[in-house]
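As the structure is a computational prediction, the values presented were derived from the model and not from experiment. Below, chain A is the first sequence line, B the second, and so on; all start at residue 1.
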2 protein chains.
Amino acid sequence: MLKEERFKVILDRLVNDQKVYLAGLSALLNVSEDTVRRDIKELADQGLLKSVRGGAVPHAPGPHHFRDRISHDKDQKQIIANKALSFLKDGQVVIFDGGTSAMLIAQALPKDLRITVVTNSFPIASLLEEHEFVEVLFAGGRLLKNSFVTIGSDTIQFLKKFRADICLLGICSIHKELGVTGPDYEESEVKRTMIQSSREIIALATAEKLETAEAFYICPTERLSVIITDQPGGQEAFKTYSELGIQMV
Amino acid sequence: MLKEERFKVILDRLVNDQKVYLAGLSALLNVSEDTVRRDIKELADQGLLKSVRGGAVPHAPGPHHFRDRISHDKDQKQIIANKALSFLKDGQVVIFDGGTSAMLIAQALPKDLRITVVTNSFPIASLLEEHEFVEVLFAGGRLLKNSFVTIGSDTIQFLKKFRADICLLGICSIHKELGVTGPDYEESEVKRTMIQSSREIIALATAEKLETAEAFYICPTERLSVIITDQPGGQEAFKTYSELGIQMV
DNA sequence: ACAAACATTGCAAAATATTGCATCAATATT
DNA sequence: AATATTGATGCAATATTTTGCAATGTTTGT
């Protein structure tokens, strides 16, 4: 088996699972762990992934460490992403927030859509490179290591200059009374500004984030136009938000 | 069997299997592995496939991840990069311009250097992720596809906010009378701003760029503090610039 | 602080590349 | 017709790269 084949396998698994282990690859590829380690090192040198103790993770992953990630999240989020896409139209200015959910949307974006994207996320900007008709405006600022988003007053100042049609808000906690909240102060600041600069807000939320709250306030629930979630099951939840004029998907 | 026939077989199998082995082709084509190797080399020179140890794989035309391009003409630039590093000290604020030379410097940056980096280049920001003690301030703006730098008035506005110690200026043309010039209008605008925001300018230039000029003016030659170049040969050039108080390396 | 897991380094064997050279066939030249 | 010339090919000797292993550090979790 060629070294390049191994590389391909490693990268493929990385895309699917967001992580690879030395032991697993060693067994799968029929080579020693040493070899896998060397392969990973080589790929890391090329910037195609990030080598970590015991394995590797994608080079620009989300903010959290990979060991506590669950891969089945991905499928659910993918469905959410596709729903969100249906709200985007040619000519719009869209703000993408920096989370992994927004990233999946960027990934699924049709190549012929002509929109202007404003974002503070490297991975998203990077994904949109191949989209010929998408203009990317990147918000500068202090770079948050490990998550590849910019934050801080410069970012906020940049975002204030826009009047976007839609803001795709990554996963936050949403609570009917307590509003939309997030776990990190500076990130929440940025999100708040994104919301202020947008006409419509589309929030992406896995079901377990509904009716929960975090430390930092972002905006009142009524400000949302659409909530896209994965479990339509909760009739009550559906009603609750519909009463506020929010469309549930 | 004609060489062209073999070529066709090789390319066909490559399309089908995404890989070919020397041994397999040698048996299939009834020629020695040496010949297959030579065939593959020839096809590789034409850019039709990528030669790898033990066989060949399709030439990846896909999304050129921005780090790929660093690898080739590396050596000469690498020497330049190392020279440049000796000018950087803990605590400084350094502006990195977006070229590949600046990228090599970023790559060679010692992990324990504590500096603040201001840049408009994704690749550079991305390279610095692993540098624990480097703070990265990223200049927002319109994203230039294919080169992954931001440009435009937002970028300039961002850069104006700084007073940096050093600006590492990628390769431009330098001419004693005509000053520093660049081939692209908007990029030159950005570079000019970087220079205005910096106390000292270190310019990186391969020897063939000295005493040449491009369309867009960036700054007078005297504004440079140091020129780092690869061929110390030219005694005259050395003198010419030394008279202006510029250090040549 | 300890053990276990993991990483790093040096090393030798195996696989693969490279180089120089001799052969051969096809074509060009005398 | 005889003889160079050229280019492709295979072979062998010599590098170079890859790989697994073992000995030795380093990190992590308890």
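By the 30° and 60° cut-offs, the orientation of the rings of A:Phe138 relative to B:Phe122 is perpendicular.
Protein atom CZ of B:Phe7 is 11 Å distant from nucleotide atom C1' of D:dA8, rounded to whole Å. When the C1' atom of D:dA15 is taken as reference, atom CZ of B:Arg53 falls 10 Å away, rounded to whole Å. Rounding to whole angstrom units, CD of residue B:Glu42 and C1' of D:dG7 are separated by 11 Å. For the pair A:Glu4 CD and C:dT16 P, the computed distance is 13 Å after rounding to whole Å. Between A:Glu33 atom CD and C:dT8 atom P the separation is 13 Å, expressed in whole Å. Spacing between atom CZ of B:Arg38 and atom P of C:dG20 amounts to 13 Å, rounded to whole angstrom units. Whole-Å rounding puts the B:Lys3 NZ to D:dT9 P distance at 7 Å. Rounding to whole angstrom units, NZ of residue A:Lys41 and C1' of D:dT19 are separated by 16 Å.
Nucleic acid contact class of A:Val36 (heavy atoms, under 4.0 Å, all strands): none.
Enclosure of atom NZ in B:Lys145 by more than 12 non-hydrogen atoms of other residues, nucleotides or ligands within 6.0 angstrom is indicated.
Checked options A:Arg6, A:Met1, A:Glu5; the residue passing with A:Lys3 is A:Arg6 (criterion: side-chain contact (heavy atoms from CB on, under 4.5 Å)).
We find that A:Lys8 and A:Asp12 are joined by a salt bridge, their nearest charged nitrogen and carboxylate oxygen being less than 4.0 Å apart.
An OP1 or OP2 oxygen of C:dA7 is reached within less than 4.0 angstrom by a side-chain nitrogen or oxygen of A:Arg37. For D:dT9, the OP1/OP2 oxygens have a side-chain nitrogen or oxygen of B:Arg6 closer than 4.0 Å. Contact check, A:Ser32 against D:dT19: no side-chain N or O comes under 4.0 Å of OP1 or OP2.
Counting heavy atoms from C-beta outward, B:Val94 and B:Asp165 have side chains that stay 4.5 Å or more apart.
Each of D:dC21, C:dA7, D:dT9 was ranked by its minimum atom distance to the side chain of A:Asp34; first place goes to D:dC21.
Under the Watson-Crick and G-U wobble criteria, each requiring two contacts below 3.5 Å, nucleotide D:dT17 is paired to C:dA14.
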